[in-house]
Amino acid sequence: MGERLDVLLLGKGTVGSELVSQLEALPSGAPLRLIGIADSARLLFDPRGLQLEGWRERLGVAPRYTGPAGLLDAFAGSAAGALVDCTAASGIDKLYREAFLRGVGVVAANKKPFSGPWVDREATFTAARVSGCALRYETTVGAALPIIGPLQDLIRTGDEVRVIEGSFSGTLGYLCSEVMQGKPVSRAVAAARELGFTEPHPRDDLGGTDVARKALILARELGLALELSDVELEPFVPGWLLAEDDPDRFVEGLTAYDDELSDRARRLRGEGKALRYLARIDVLERRLSVGPVWVDADHPAARLRGTESFAAFGTRRYRPYPLQIQGPGAGASVTAAGVLADLFQVAASPHRHRVELGLGSLRISGC
Ligand SMILES: NC(=O)c1ccc[n+]([C@@H]2O[C@H](COP(=O)([O-])OP(=O)(O)OC[C@H]3O[C@@H](n4cnc5c(N)ncnc54)[C@H](OP(=O)(O)O)[C@@H]3O)[C@@H](O)[C@H]2O)c1
């Protein structure tokens with residue numbers, strides 16, 4: 001076990017709040033110390049370790065911060081630190097790069113820094129490499145399911161990954177199961193919304209972009225310099241249904257698609273098929289596709305239950321049967337646990353360095 005890691009959490013939403021609870025429940029002696037919690041405006045901070053009683057109310061009246069320095073100065077007295085991104089903010093990769101310059105590692109649940117423009121993603125990875133700081137983001141695909149780590153192992157051990165197939169949206173997995181059980185899609189979406197499985201506007205799930213981002217994150221691990229616009233994306237429902245901006249009217253509008261999808265589900269169920277929303281990465285063809293697929297009963301995705309996710313890696317070594325990973329792939333508790341596991345990995349990493357920017361030179365020293 002390495003030295004103690006000071007942790008600054010960005011985001012007090014579903015995942016961030018659960019992470020606070022899980023950090024609080026760790027036994028004393030754990031190598032992680034939460035020193036700060038920030039939302040998009042305020043920072044609650046104590047370099048000796050935050051007292052967590054009433055943290056949410058205290059954050060609501062904590063001082064406002066400005067810019068990256070306003071956050072990262074919190075690590076001034078830390079021997080080792082990690083910034084945890086439990087936001088869905090765009091453009092936050094600049095903050096990651098600032099963190100690396102200060103010798104602070106990053107753990108992210110946020111997909112956007114890894115699925116934005118390739119040049120920005122490369123700049124972030126280069127900054128992490130140059131600084132020697134950790135950059136971990138296992139939960140960006142499949143929540144706490146180990147997907148990115150095993151893929152990196154396949155790559156670094158010299159295997160050749162040819163195809164990746166996966167069901168990466170717990171929400172769409174749930175909807176597929178409900179439709180296959182005979183529920184009209186509009187009612188299935190309404191139920192998923194009530195259960196808290198969807199984004200505030202369910203269009204953000206049904207449009208498929210979230211799955212496209214995950215597929216892109218995996219493809220880029222393999223060195224494919226592709227952009228989000230390169231993903232061949234078919235939404236879960238016809239595109240014309242996605243235009244409605246009001247979430248309630250959007251769900252009502254889905255009734256126009258109920259009969260067509262229910263009829264198809266009935267017919268194809270009779271043929272032993274199941275509806276799934278799958279991502280497929282054909283590495284040799286440099287092709288990423290995401291969309292609804294009617295899989296045969298013997299397809300591994302056919303056996304998924306509820307919000308389960310699944311990934312299959314077809315490689316030179318793993319054939320004719322692919323390496324498969326399956327299990328709950330969404331939800332605050334598993335996602336926060338995955339972030340926590342990443343934090344433990346950072347704490348145990350022997351490769352952390354403090355980087356100080358001197359005048360005109362980059363000095364790197366152990367911390
Ligand atoms: N839920 C899951 O199953 C799951 C699984 C894997 C990954 N994730 C990812 O985990 C992330 C968090 O999800 P969530 O459901 O917890 O989101 P959420 O409930 O919407 O919470 C987002 C939080 O981020 C804060 N925030 C926004 N911009 C910020 C900024 N620039 N700096 C600091 N804080 C900022 C927000 O604060 P304000 O209130 O001030 O805006 C809010 O507290 C997302 O990227 C999501 O895609 C979620």
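Values below: all heavy atoms of this structure, side chains included; hydrogens, waters and symmetry mates excluded. One-based numbering, in listed order, for ligands and for the atoms of each.
Scored by the salt bridge (charged side-chain N to carboxylate O under 4.0 Å, His left out) test, E18 finds no partners at all (sequence neighbours excluded).
Grouping the Ile, Leu, Val, Met, Phe, Trp and Tyr side chains by contacts below 4.5 angstrom, directly or via other members, places L261 with V189.
Applying the salt bridge (charged side-chain N to carboxylate O under 4.0 Å, His left out) definition to pairs two or more places apart or across chains, those involving residues 172-184 are E178-K183. Counting only residues at least two apart or in different chains, salt bridge (charged side-chain N to carboxylate O under 4.0 Å, His left out) contacts with residues 104-126 comprise K111-D210, R121-E221.
At a cut-off of 3.5 Å, with distance as the only test, a side-chain donor of R97 or T124 sits close to an acceptor on the other residue.
Within 4.0 Å of ligand 1, counting heavy atoms only, the contacting residues are G11, K12, G13, T14, V15, D39, S40, Y65, C86, T87, A88, A89, A109, N110, K111, T139, A330, G331, T335.
Applying the 6.0 Å contact sphere to CD of E53 captures no more than 12 heavy atoms from other residues, nucleotides or ligands.
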